[in-house]
Every structure is written in structure tokens, then in C-alpha cells.
Enquirer: 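Before I ask anything, here is the structure I am working with.
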Amino acid sequence: MSVVFTQGETLERGDLDIFLSTDAGNPTNAFSISYAIYYVDPATSAEVLIGSATRTPVNPTVGEYYASLQVPASAAAGDYVIRWRFRETAASPEEGVVQEF
């Protein structure tokens, strides 16, 4: 299920979130975490990176992260994705999650 944001809207806690937990279900922070925003080109379905590929999320509480940004007034209407990349520990493989909006 996708969500819709409008041009000029500031995204905050509750908009584009990710929650990390242990196998036992306890909240846990990542060793490292970042996200990237992509526009999905309607003609080719190719993802076009918008800004940095390693944006730093806000971490208001253990295990909770969210993307804090303002949708540019010039942003094209259409489909976008946020790609979260994180590591549980320094030795862990990088994992990822994708959300559509």
C-alpha cells in the first residue's frame, strides 16, 4: 500500500518509518542505517536517485527511525520509493527494506 505526500509537505515521525527489533521482538538500534529516495520513471520504471544515496534518518527512540525531509515544490507527481539500508552489527551483512509512496 502506498501513501501520498504533496509538494512542499514536510515529512516527519509517522510518515516514512522503519522499526527494528531483535528476534525476540525487542526494539534495537542498528549499527548503521541510511536511506535513499528514488523517483520511479513512468516511461521506463527505472528508479532515479533524488539527492544523497546515504541520508541519515532521525532516531527518536530505540529501534525507531524515520525520514525527515521536505518534498520539493518542484517535485514531479508520481511514484517514489525509499530504500532503507542497515546493519545490525559491524560484522552483519547489509540488509534493506523498500517502501513505496
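In this text the structure is predicted, and so the values were computed from the model without any measurement.
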Enquirer: Grab the two heavy atoms, one from Asn29 and one from Thr61, that are nearest each other, plus how far apart they are.
Expert: OD1-O, 4.0 Å
Enquirer: To the nearest 0.5 Å, tell me how far Phe86 CZ sits from Glu94 CD.
Expert: 9.0 Å
Enquirer: Could you state whether Val3 and Val81 fall into the same hydrophobic cluster, counting links through intermediate Ile, Leu, Val, Met, Phe, Trp or Tyr residues with side-chain heavy atoms under 4.5 angstrom apart?
Expert: no
Enquirer: Identify the heavy atoms of Arg55 and Gly51 that sit nearest to each other, and give their distance.
Expert: NH2-CA, 3.7 Å
Enquirer: Return all side-chain donor-acceptor pairs below 3.5 angstrom for residues 30-38, not counting sequence neighbours, or 'none' if the list is empty.
Expert:
none

Enquirer: Count I, L, V, M, F, W, Y as connected when their side-chain heavy atoms are under 4.5 Å apart, and connections chain through other members. Are Tyr80 and Val97 then in the same cluster?
Expert: yes
Enquirer: Is a side-chain donor or acceptor of Gln70 paired with a backbone partner of Thr10 at a separation under 3.5 angstrom?
Expert: no
Enquirer: Is the side chain of Glu9 donor-acceptor paired with the backbone N or O of Val71 at a distance under 3.5 Å, no angle test?
Expert: no
Enquirer: Spell out, yes or no, whether Leu69 and Tyr66 are grouped together once hydrophobic residues are joined by side-chain heavy atoms under 4.5 Å, including indirect joins.
Expert: no
Enquirer: Which pair of non-hydrogen atoms, one from Thr89 and one from Ser92, has the smallest distance, and what is that distance?
Expert: OG1-OG, 2.6 Å
Enquirer: Tell me whether Val40 is reachable from Leu49 by hopping between hydrophobic residues (I, L, V, M, F, W, Y) whose side-chain heavy atoms are closer than 4.5 Å.
Expert: yes
Enquirer: Do any pairs count as a salt bridge (charged side-chain N to carboxylate O under 4.0 Å, His left out) and have a residue in residues 58-69, sequence neighbours left out, and if so which ones?
Expert: Arg13-Glu64
Enquirer: For the CD atom of Gln99 and the CD1 atom of Ile18, what is their distance to the nearest 0.5 Å?
Expert: 6.5 Å
Enquirer: Which residue pairs pass the side-chain hydrogen bond (donor to acceptor under 3.5 Å, both in side chains) test when at least one of the two sits in residues 15-27, sequence neighbours left out?
Expert: none
Enquirer: Testing the basics here: between Ala67 and Trp84, what is the closest heavy-atom pair and its distance to 0.1 Å?
Expert: N-CH2, 3.8 Å
Enquirer: Looking at every non-hydrogen atom in both residues, tell me the closest pair between Ile82 and Phe101 and how far apart they are.
Expert: N-CE2, 3.7 Å
